J.: 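I'd like to ask some things about the structure below.
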Amino acid sequence: MPLIHYQRRKIKYNDPVTVSPSVSVKDIDCDGSIDQLTEPAITDDVITPLVLKGWLAKSTGQGTLFDAIYVSLTDKNQHHRFVASSKNSRGDLIAVFGKPDLENAGFTANVDTSGLHGDYTVSLSGRTGDQIFVCRNLQRPLTLK
């Protein structure tokens, strides 16, 4: 009887973002959605990432986008950890809002939460120039063990 051999798939995490002190961080209400949030899990010594999918726009009415979309993890002391996202085409947004540039509003992110413990708030954030806008209306609580 042959042995079954499998190799664990290496997870590609999105990169953490280093924010210089000159960048301002502000809470605002945003246009967007967290369509999917899969919490991280630990099974058989394998840690699966925090996975988010959705979309974020500076304005759906004007069809404008942020320069970059981040996922932010905020701890109880209001310290933000930002993680870059990957672009994901969203043609459905053109049909809903009638703005062609919104096709580029989609994102996906695999966030490495190893080493983090406690209660966090997961939020979408958008960066424009030297400002990061944390979307206070697009948040979910997350407890990491």
Side-chain angles (χ1 to χ4, degrees), residues 3-61 63-97 99 101-145:
L3 293 174
I4 297 173
H5 178 74
Y6 68 94
Q7 185 175 13
R8 288 192 173 145
R9 195 173 49 139
K10 184 168 173 73
I11 297 170
K12 168 88 172 92
Y13 292 109
N14 290 78
D15 294 327
V17 176
T18 303
V19 178
S20 75
S22 65
V23 173
S24 67
V25 178
K26 180 180 178 184
D27 290 350
I28 63 167
D29 288 329
C30 300
D31 293 340
S33 174
I34 299 173
D35 296 335
Q36 176 186 340
L37 186 149
T38 306
E39 293 189 11
I42 301 173
T43 57
D44 296 331
D45 297 327
V46 175
I47 299 172
T48 59
L50 169 66
V51 178
L52 287 96
K53 295 179 181 179
W55 64 274
L56 183 64
K58 192 184 262 187
S59 168
T60 53
T64 53
L65 304 175
F66 290 101
D67 297 337
I69 298 172
Y70 299 152
V71 171
S72 62
L73 292 171
T74 307
D75 65 19
K76 63 182 178 183
N77 296 319
Q78 298 303 307
H79 294 123
H80 300 289
R81 296 172 184 264
F82 296 103
V83 177
S85 67
S86 302
K87 291 186 179 195
N88 186 31
S89 179
R90 292 293 300 259
D92 59 317
L93 298 177
I94 299 171
V96 173
F97 297 106
K99 303 292 182 183
D101 287 343
L102 293 179
E103 181 174 8
N104 297 316
F107 73 90
T108 62
N110 291 329
V111 180
D112 182 3
T113 59
S114 60
L116 299 179
H117 304 285
D119 294 326
Y120 289 84
T121 301
V122 179
S123 309
L124 298 185
S125 300
R127 182 174 182 151
T128 299
D130 283 341
Q131 290 186 307
I132 296 176
F133 300 97
V134 178
C135 302
R136 62 183 166 226
N137 61 319
L138 300 173
Q139 300 180 340
R140 305 266 174 87
L142 177 68
T143 299
L144 298 171
K145 298 177 182 180

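Values below: every heavy atom of this structure, side chains too, minus hydrogens, waters and symmetry copies. On a predicted model such as this, the values are computed, not experimentally measured, just so you know.
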J.: Hey, mind stepping through L142 and L73 against side-chain contact (heavy atoms from CB on, under 4.5 Å) and telling me if it holds?
T.: CA-CA 9 Å; L142 177 68; L73 292 171; 4.2 Å; yes

J.: Of all the heavy-atom pairs spanning K12 and N110, show the shortest one and how long it is.
T.: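 So the two residues come closest at O-ND2, 3.2 Å.
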
J.: Could you list the donor-acceptor pairs under 3.5 angstrom formed between side-chain atoms of residues 87-95 and any protein atom two or more places apart in sequence or on another chain?
T.:
| from | atom 1 | to | atom 2 | distance (Å) |
| --- | --- | --- | --- | --- |
| S89 | OG | E103 | OE2 | 2.9 |
| R90 | NE | D92 | OD1 | 2.9 |
| R90 | NH1 | D35 | OD2 | 2.7 |
| R90 | NH2 | D35 | OD2 | 3.3 |
| R90 | NH2 | D92 | OD2 | 2.8 |

J.: Work out which heavy atom in S24 is nearest to a heavy atom in Q131; give both atom names and the distance.
T.: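 Closest heavy-atom pair between S24 and Q131: OG-CG, 3.3 Å.
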
J.: Measure the shortest side-chain to side-chain distance between V134 and V25 over non-hydrogen atoms and say whether it is less than 4.5 angstrom.
T.: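 With C-beta onward as the side chain, the pair touches.
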
J.: Would you say S86 and N14 are linked by a side-chain donor-acceptor pair, where the criterion is simply a distance under 3.5 Å?
T.: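 Checked: N14/S86 side chains pair up, N/O donor to acceptor below 3.5 Å.
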
J.: Can you check whether L102 reaches L65 side chain to side chain, under 4.5 Å on heavy atoms?
T.: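 They are in contact (side-chain heavy atoms under 4.5 Å apart), so the answer is yes.
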
J.: Does a side-chain heavy-atom distance below 4.5 Å link C30 with I28?
T.: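 When only atoms from C-beta onward are counted, I28 and C30 do touch, with a gap below 4.5 Å.
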
J.: Starting from the C-alpha separation in whole Å, work towards a yes-or-no answer on side-chain contact (heavy atoms from CB on, under 4.5 Å) for T38 and Q36.
T.: CA-CA 7 Å; T38 306; Q36 176 186 340; 3.1 Å; yes

J.: Can you confirm whether the side chains of S22 and S20 place a donor and an acceptor under 3.5 Å from each other?
T.: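 Short answer, yes.
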
J.: Tell me which donor-acceptor pairs under 3.5 Å the side chains of residues 49-59 have, and how far apart each pair is, sequence neighbours excluded?
T.:
| from | atom 1 | to | atom 2 | distance (Å) |
| --- | --- | --- | --- | --- |
| K58 | NZ | T128 | OG1 | 3.3 |
| S59 | OG | G61 | N | 3.4 |
| S59 | OG | Q62 | N | 3.0 |

J.: Is there a donor-acceptor pair under 3.5 Å between the side chain of D75 and the backbone N or O of N77?
T.: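 At least one qualifying donor-acceptor pair exists.
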
J.: Can you check whether F66 reaches R127 side chain to side chain, under 4.5 Å on heavy atoms?
T.: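 No, too far: nothing below the 4.5 Å cut-off.
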
J.: Side chains of P16 and D112, heavy atoms from C-beta outward: is any pair under 4.5 Å?
T.: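 The answer is no; the side chains never approach within 4.5 Å.
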
J.: Under a 4.5 Å cut-off applied to non-hydrogen side-chain atoms, are S123 and S72 in contact?
T.: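 Heavy-atom side-chain distance check passes, below 4.5 Å.
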
J.: Of all the heavy-atom pairs spanning A105 and I69, show the shortest one and how long it is.
T.: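 The pair with the smallest heavy-atom distance is O-CD1, 3.4 Å.
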
J.: What I'd like to find out is whether the side chain of S85 reaches to under 4.5 Å of the side chain of Y70, using heavy atoms alone.
T.: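 Side-chain contact under 4.5 Å: no.
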
J.: Test F82 against every option in V19, V23, T18, V71 by the side-chain contact (heavy atoms from CB on, under 4.5 Å) rule and name the one that passes.
T.: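 Among the candidates, only V19 passes.
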
J.: Quick check: does any side chain N or O of R140 sit under 3.5 Å from a backbone N or O of V122, one acting as donor and the other as acceptor?
T.: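 No, R140 side chain to V122 backbone: no donor-acceptor pair under 3.5 Å.
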
J.: Mind checking what makes side-chain hydrogen bond (donor to acceptor under 3.5 Å, both in side chains) contact with D15, not counting sequence neighbours?
T.: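 Scan of D15 (side-chain hydrogen bond (donor to acceptor under 3.5 Å, both in side chains), adjacent residues dropped) gives none.
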
J.: Are any of the side-chain heavy atoms of L144 and P40 separated by less than 4.5 Å?
T.: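 When only atoms from C-beta onward are counted, P40 and L144 do touch, with a gap below 4.5 Å.
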
J.: Where do T60 and D31 come nearest, in terms of heavy atoms and distance?
T.: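 For T60 versus D31, the nearest heavy atoms are N-OD2, 2.9 Å.
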
J.: Do H80 and T74 have side-chain atoms, one donor and one acceptor, less than 3.5 Å apart?
T.: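 Short answer, yes.
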
J.: Where is the tightest heavy-atom contact between T48 and E39, given as atom of each residue plus distance?
T.: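 Result for this residue pair: OG1-O, 4.5 Å.
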
